[in-house]
Colleague: 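Here you go, one structure.
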Amino acid sequence: MGLIVQKYGGTSVADIKRIRNVAKRVAETFEQGNDVVVILSAMAGVTDDLIDMATQITESPDKRELDVLLATGEQTTAALLAMTLKNMNHPAVSMLGHQAKVITDCTFGNARIIEIGVENIMDFVKNGNIVVVAGFQGSDIKGNITTLGRGGSDTSAVAIAAALKADICEIYTDVDGIYTADPGICERAKKIDRISYDEMLNMASLGAKVLQIRSVGFAKKYNIPIHVRSSFSEEEGTMVVSENAGMESLVVSAVTHDKDQARITLKKVEDQPGVAAKIFSPISESGIIVDMIIQNTRVEGQTDLTFTVPKDHFSTAMEIERKVAQEIGAEDVLGDKNIAKVSVVGVGMKNHSGVASIMFSTLARENINIMMISTSEIRISCIIEEKYTELAVRVLHTAFGLDEED
Ligand code: ADP
Ligand code: ASP
Ligand code: MG
């Protein structure tokens, strides 16, 4: 018996039947004598539909109003679940982000949680209620509604679990755990029983969207165990915990992919001090995060410079760089959205050589061209054409001995 935070993702609350299924699970946990706080996502596809509606009005909707709109997705499911629980004769109450005192900064669309005042949630819990909180949303100090970035209900859940000092945060989703590659594209991916926060941070930062990266950061900081599991089965899922000695013995422990990147190249840039600052300062000032950067060798005092940005920010970044190119006299700015990043990750790579050559030769055998490479001691990433993503993930998974046996 304890305090359990459960988060249900979009597919788990996609329709009324599934909301009833969630209510049953929540009620079971409650009837076992636990205090239960539930965090919900919007129904699958609803956030996309809302964004779509907004962009029918204007290509770049007002960010404040967009957050007011997007927050309605989670408001709907929170109310529907609380209603269902009450109908089953369980005391339940729904709360929006601001009622649950989820205080964020004022970065609309990608706000960070600053603090959570737990007294409102705890008052309801102490009075014997199941509390259902709308995920993905909070409010800034002025009371504006904010949202936490795509996939943000994971972060709502773990942050609330940390603030309430919950015993565990259970993340219910459409797969029964964290796998060695996205099971949606790699059928031989293996379920991982336990994974460390660091390893999961590594995977999430390289595209494994099963957990939003910030949620793992919170879990690590406050030492909250996360159990990722399916809302459609009773099977044990994956525990995300502080230490996991087992994985250190694997050289490569997972293969990830990320289709949310786009590539920008500035052609024939003068190779002089200060040029890189001119190219990247306006990008960072507008809040765009640059991931990989390569600069070609100098030819006649000039060089090409290529970097990647999130696809969502591609058109803004292109606009910025066209202006920069004029200022610094670069010949042209080229953009490519049809790229993907595939990565092999593993803390065990620290002590092994030869991982890069296996990765490159495996991709070469399939005739997959590598456009950019970046490495750290615990991962190697390659940018390739987007259409080869699934193939690349599968062949790398096999090459590093990760396949599930028949
Ligand atoms: P939810 O709506 O429940 O938050 P998401 O779609 O955000 O669900 O995350 C679950 C999805 O993450 C899975 O359906 C799967 O396709 C994807 N995924 C990517 N990488 C992995 C991985 N390594 N292990 C498990 N799932 C992964
Ligand atoms: N509904 C939001 C999204 O689709 C948040 C979430 O599901 O975690 O990104
Ligand atoms: Mg998600």
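Both ligands and their constituent atoms are indexed starting at 1 by order of listing. Quick note: numbers below take in every heavy atom, side chains included, and nothing from hydrogens, waters or symmetry partners.
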Colleague: Heavy-atom contact under 4.0 Å between Gly151 and ligand 1?
Modeller: no
Colleague: Polar-atom distance check: Phe136 versus ligand 2, any N or O pair below 3.5 Å?
Modeller: no
Colleague: What do you reckon, does Thr47 have a nitrogen or oxygen under 3.5 Å from a nitrogen or oxygen of ligand 2?
Modeller: yes
Colleague: Do Lys259 and Glu390 pass the salt bridge (Lys or Arg N to Asp or Glu O under 4.0 Å) test, and can you show the C-alpha distance, the side-chain angles, and the key distance before you say yes or no?
Modeller: CA-CA 11 Å; Lys259 291 186 175 180; Glu390 286 76 10; 2.8 Å; yes
Colleague: In Å and rounded to the nearest 0.5 Å, what is the OG1 to CG distance from Thr238 to Asp193?
Modeller: 7.0 Å
Colleague: To check your reading of the model: name the closest protein heavy atom to atom 23 (N) of ligand 1, its residue, and the distance in Å.
Modeller: Tyr179 O, 3.0 Å
Colleague: Quick test of your reading of the structure: of Asp174, Val210, Val13, Ile185, whose heavy atom lies closest to atom 13 (C) of ligand 1?
Modeller: Asp174
Colleague: How long is the straight-line distance from CG of Leu201 back to OG of Ser215, given to the nearest 0.5 Å?
Modeller: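 It comes to 8.5 Å.
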Colleague: Just how far is it from atom CG of Asp167 to atom CG of Asp35, taken to the nearest 0.5 Å?
Modeller: 9.5 Å
Colleague: Report the part of Glu74 (side chain from C-beta onward, or backbone N, CA, C, O) that has a heavy atom under 4.0 Å from ligand 2; answer both or neither where that applies.
Modeller: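 Glu74 to ligand 2: side-chain contact only, backbone stays beyond 4.0 Å.
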Colleague: Quick one: CE on Met203 to OG1 on Thr256, what's the gap to the nearest 0.5 Å?
Modeller: 7.0 Å
Colleague: Heavy-atom contact under 4.0 Å between Gly9 and ligand 2?
Modeller: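 Outside the 4.0 Å threshold, so no.
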Colleague: Are Gly177 and ligand 1 in contact, using a heavy-atom cut-off of under 4.0 Å?
Modeller: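 So Gly177 counts as touching ligand 1.
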Colleague: For atom 15 (C) of ligand 1, what's the nearest protein heavy-atom neighbour? Residue, atom name and distance, please.
Modeller: Asp182 OD1, 3.2 Å
Colleague: Does the side chain of Asp198 come under 3.5 Å of the side chain of Ser196 through a donor N or O and an acceptor N or O?
Modeller: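 Judged by distance alone, the side chains do not pair up.
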Colleague: Parallel, tilted or perpendicular: which one describes the rings of Phe307 and Phe280, with boundaries at 30° and 60°?
Modeller: perpendicular
Colleague: Hey, which of Leu40, Asp67, Leu70, Thr146 is the one that makes side chain to side chain contact (heavy atoms under 4.5 Å, CB included) with Phe136?
Modeller: Leu70
Colleague: Hey, is Met200 touching ligand 1 through its side chain, its backbone, both or neither, going by heavy atoms under 4.0 Å?
Modeller: neither
Colleague: Test Ile113 against every option in Thr155, Ile103, Asp105 by the side chain to side chain contact (heavy atoms under 4.5 Å, CB included) rule and name the one that passes.
Modeller: Thr155
Colleague: Verify salt bridge (Lys or Arg N to Asp or Glu O under 4.0 Å) between Glu234 and Arg25, making sure each step is shown before the conclusion.
Modeller: CA-CA 10 Å; Glu234 294 300 324; Arg25 281 186 173 264; 3.6 Å; yes
Colleague: Quick check on contacts: which atoms of ligand 2 are under 4.0 angstrom from a heavy atom of Ser41?
Modeller: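 Once the distances to Ser41 are compared, the set is 6 (C), 7 (O), 8 (O).
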Colleague: Please write down residue, atom name and distance for the protein heavy atom closest to atom 2 (O) of ligand 1.
Modeller: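 Of the protein heavy atoms, Gly10 N, 3.2 Å lies nearest.
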Colleague: Determine, using heavy atoms of His257 and all atoms of ligand 1, whether some pair is separated by less than 4.0 Å.
Modeller: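 No.
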Colleague: For ligand 1, which part of Pro183 has a heavy atom less than 4.0 Å away: the side chain, the backbone, both, or neither?
Modeller: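 Answer for Pro183: side chain.
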Colleague: If you measure from CG on Leu148 to OG1 on Thr104, what distance do you get to the nearest 0.5 Å?
Modeller: 7.0 Å
Colleague: If you count the atoms of ligand 2 from 1 in the order shown, which ones are under 4.0 Å from a heavy atom of Arg150?
Modeller: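 Contacts of ligand 2 toward Arg150, numbered from 1: 3 (C), 4 (O), 9 (O).
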Colleague: Got the closest protein heavy atom to atom 1 (P) of ligand 1, with its distance?
Modeller: Thr173 OG1, 3.5 Å
Colleague: So if I count the atoms of ligand 2 from 1 in the order they appear, which ones are less than 4.0 Å from some heavy atom of Ser153?
Modeller: 5 (C), 6 (C), 7 (O), 8 (O)
Colleague: Of all the heavy atoms in Lys7, does at least one lie under 4.0 Å from an atom in ligand 1?
Modeller: yes
Colleague: Nearest to atom 6 (O) of ligand 1 by heavy atom, Lys209, Lys191, Gln212: which?
Modeller: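 Checking each option, the heavy atom nearest atom 6 (O) of ligand 1 is found in Lys209.
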Colleague: Within the 3.5 Å criterion, strictly below it, is a donor on Ser374 or Arg379 matched to an acceptor on the partner's side chain?
Modeller: yes
